[in-house]
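Note on naming: letters A, B, ... go to the chains in the order of the sequence lines (proteins, then strands), and numbering restarts at 1 for each one. These figures come from a predicted structure and were not determined experimentally.
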Amino acid sequence: MKEYQTITEISGPLVFAEVDEPVGYDEIVEIETPQGETLRGQVLESSEGVVSIQVFEGTGGIDRNASVRFLGETMKMPVTEDLLGRVLDGSGNPIDGGPEIIPDQRQDIVGEAINPFSREYPEEFIQTGVSAIDGMNTLVRGQKLPIFSGSGLPHNELALQIARQATVPEESDGDGDGEGDEDGSEFAVIFGAMGITAEEANEFMEDFERTGALERSVVFMNLADDPAVERQVTPRLALTTAEYLAFEKDYHVLVILTDMTNYCEALREIGAAREEVPGRRGYPGYMYTDLAQLYERAGRIEGKDGSVTQIPILTMPGDDDTHPIPDLTGYITEGQIVMDRNLNSQGIEPPVNVLPSLSRLMDDGIGEGLTREDHGDVSDQMYAAYAEGEDLRDLVNIVGREALSERDNKFLDFADRFETEFVQQGYDTNRSIEETLELGWDLLSDLPKTELNRIDEELIEEHYREDEQEAAEVEA
Amino acid sequence: MSQATDTEAVDEDGVIESVSGPVVTATDLDARMNDVVYVGDEGLMGEVIEIEGNLTTIQVYEETSGVGPGEPVENTGEPLSVDLGPGMMDSIYDGVQRPLDVLEDKMGTAFLDRGVDAPGIDLEKEWEFTPEVEEGDAVEPGDVVGTVPETVTIEHKVMVPPDYEGGEITTIKSGEFTVEETVAELDSGEEIQMHQEWPVRQARPAGDKETPTEPLVTGQRVQDGLFPLAKGGTAAIPGPFGSGKTVTQQQLAKWSDADIVVYIGCGERGNEMTEVIEDFPELPDPQTGNPLMARTCLIANTSNMPVAARESCIYTGITIAEYYRDMGYDVALMADSTSRWAEAMREISSRLEEMPGEEGYPAYLAASLSEFYERAGKFELINGGEGSISVVGAVSPPGGDFSEPVTQNTLRIVKTFWALDADLAERRHFPSINWNESYSLYKDQLDPWWESNVAGDWSDVRQWAVDVLDEEDELQEIVQLVGKDALPEDQQLTLEVARYLREAWLQQNALHDVDTYCEPEKTYRMLQAIKTFNDEAFEALEASVPVEEIQDVDATPRLNRMGTAEEWNEFIDEIESDLKEQLRALY
């Protein structure tokens, strides 16, 4: 290991140093400041004679006399099953006062792409107990489903609720190999925080401790006042740990990453410091690839019992889903859960707007033998009916309710009940999928049978509540 | 492609000078543009993309972490090429045609390791070769010398490579051979094997382009019915995320009546490719009943796989498509998504510090796109036969804004435009192809086919549907202001008819066993049934029947079940006669 005192330039998070031996791209660097502090960084560009280094902890305190050591390897995460129950900082060092971590393996944090041929298609239903998700945008094991939120919306509450309640109902684990079936219903939770406030962090930690979830969690904390550059490493450490637990130790892992917006800001900061040609809104042109390298680390692998399911959270700047961060995320992830400010101000908990929400893997994870035969049709019908009711609301504002036909009024009522009874449930209610679907039929039975054109006729016969229809008519 | 004359020919390897992500520069490398090189101690595959003095710039198709200056670079002296031969059907490749199943075996892990190479086709497997020519026959480039049963569906034709001279056959064999063994010899001294190589960035030669007159039947009502694509045509599917681009592409790959399907997953999701890998071997091809995979070649370069290989996967795909076209097949190529390809170009371009064009894309974006789409078409082949390549490119515009460069440059080239609409997707109207924005310039040239193969009055019925939908669009604006009930009765009825057009005809459930594929006859009959309702309903209205009573007729909601009806002919007949009976009973 060679040591240099050859720093030529320090600019933002970057340090340039002269070297006389070749240094590998992405290699880890230790910089010792004259005050005796050791900072860590990574090689961003390596050419004959000069390397540029990105310093994770920020370049404060570094001067031209600081010494630079190249460790000759890329960044590794020490992983072990003992990490469960531990709290680490954004660079992976324990901050819970617990014992030192004795690694079982050291894994490269960049991670390699999963061969698409080796993947197993995710189709095991995860019951989150949240109707707006289970019923309308079902999550499955191995999926990456982000929460698109905005500042001031209760995305953290929803994420915690999912982390607390997520199970895989027994009967749907139909592989019958006995392995993974017992502990299969519970998830190990990896929590990667990037740039969240200390207050938010406390909320999470308190909830984890209160519910005992910490025992099956690994927490990575990069707080708002921690160095921004470190945010680039935090999610990779979290995902490396997740992959280890899932694919080496057969855990079903749920990874919650919050807040991806802070991650992207850090990416932009580094891009700017490197004087790169910026892409849309100043974010680097490779942001799609960079985000994909995180999000694509979710999935299942054939022949392995574990799985990695990801719920990244991002706050959309200005609630604008065309902003590059949500936009690129939406193109990579398998759907999105969208939080809505209007629903929130109406007091709907969780304020999930199902219309722009989507789960791409839903269709294969639901139906007979997985959830229930009528699930797909019910969800489709509720989408269509709610969308129609939503449209009519605009009209009501202009012409008033009386001017609308009886049919239109029924759709309006449906939309209202959908929000206040189906989506609304509170953060402590855990609804089974049966309950969710029955609730759906309660609502749909307010509509005339002939309007249920998305549902198979036989299913209508089986589930439609005739009496409610009559009752509704009597009332009218 | 002559070698630079001002550099001395050195046989020694070059040396890495700098590494920045997928872009590596090397000194002292004797290479031509687009030569394939092996970079570093691990031998990572790369391609020469710039030469400046003694400095050669290389884009590397694999992750470059840990690679450093001083490591060697070895030149193969060959441009990036694909192996073409039997075994490509029923395969899944990465962006540089490495078979992913073989890579899994060789690497021994589910994760993609570096520095592992594998030939695009199995060099050891023996294929049954049946000659089609005899000794003494004269053959020219492109001529078929024999056939190989590649899969249950596809008969692979072994051709004289296009860069051969041709001549008289002196020896021709029959029996089982590997792709590397010679099966025919010519008097020119040339030997023919069952495989050939072709550089991906160079179009395979073909004769003149012809005007396509036959539709690529997709089995999707909105596409076949309103915005058809021709065999040999080009189409773009732009849409914001969640609007159903991938499902639409996969539906095309599943049901279109092409002989061969090349499906390129370019920078998209890994799980989506897995879905295709798992589904296609099980699904039957609607033409032959054989597994779909038997006519399909998959190229998967997911978003987290190296960006340079994403740039090349489009070329790999189209070259494979051209090879099957040369056999006289109708090939359909789906590229999902061309935006990711354009972004890969942008990423490489910015690492090269090229002067950026619009939105940071390289200035040659438009040229690259048109070059790619121009490789589609219905061709007269060099052997005198006919073959076609239809190209369908998905576009993922940032923020769903169609004014961005990739969408705009694509629209300048393609003749069919299927605009996906987030609003429709939100209300679960699938396929969410917006009927007001989409268009097809092939409509007129395909009408004769529909008229002689499906129904003589096809273009009239279709035009009727288009008119009703247009009228609905206008009426909706008024409805938004005053409500539906304020409209005159005939306009209310038009809205009702338009609703059935949308819900019963345009909407199609890709997940329903029956509805997922709709043959042209059914597409026509369903439309006709709605028109019957329209005609009968307006007759009733003329006879002063109130519009509410017309709307309440029992038979009409059953129009919505036409798509999912198995015995659709009987079902539609029954609806039509019920409609007539019930509506006429009102007056």
Verdict with reasoning, A:Lys144 to B:Asn271, per side chain to side chain contact (heavy atoms under 4.5 Å, CB included): CA-CA 10 Å; A:Lys144 37 193 181 291; B:Asn271 280 331; 4.1 Å; yes
[X] versus chain A, the contacting section by heavy-atom distance below 4.5 Å:
X        : value
B:Val307 : side chain
B:Pro398 : both
B:Glu268 : both
B:Glu104 : both
B:Asp101 : both
B:Glu275 : both

Under-4.0 Å salt bridge between A:Asp391 and B:Arg427: yes
Going by distance alone, is a donor N or O of one side chain under 3.5 Å from an acceptor N or O of the other, for A:Thr289 and B:Arg310? yes
Compute whether any side-chain donor of one residue and acceptor of the other, for A:Glu296 and B:Thr302, lie under 3.5 angstrom apart. no
Would you check if B:Phe241 and A:Thr333 make a side-chain contact, meaning some heavy-atom pair closer than 4.5 Å? no
Given that the side chain runs from C-beta out, which part of A:Leu404 has a heavy atom under 4.5 Å from chain B: side chain, backbone, both or neither? backbone
If one checks every heavy atom of A:Pro324 against chain B at 4.5 Å, the contacting part turns out to be neither
Using modelled atom types only, decide if a donor and an acceptor are shared between the side chain of B:Asn304 and the backbone of A:Ala113 within a distance under 3.5 Å. no
Test the B:Arg340-A:Tyr331 pair against the cation-pi criterion, namely NZ or CZ under 6.0 angstrom from the six-membered ring centroid and within 45° of the ring axis. yes
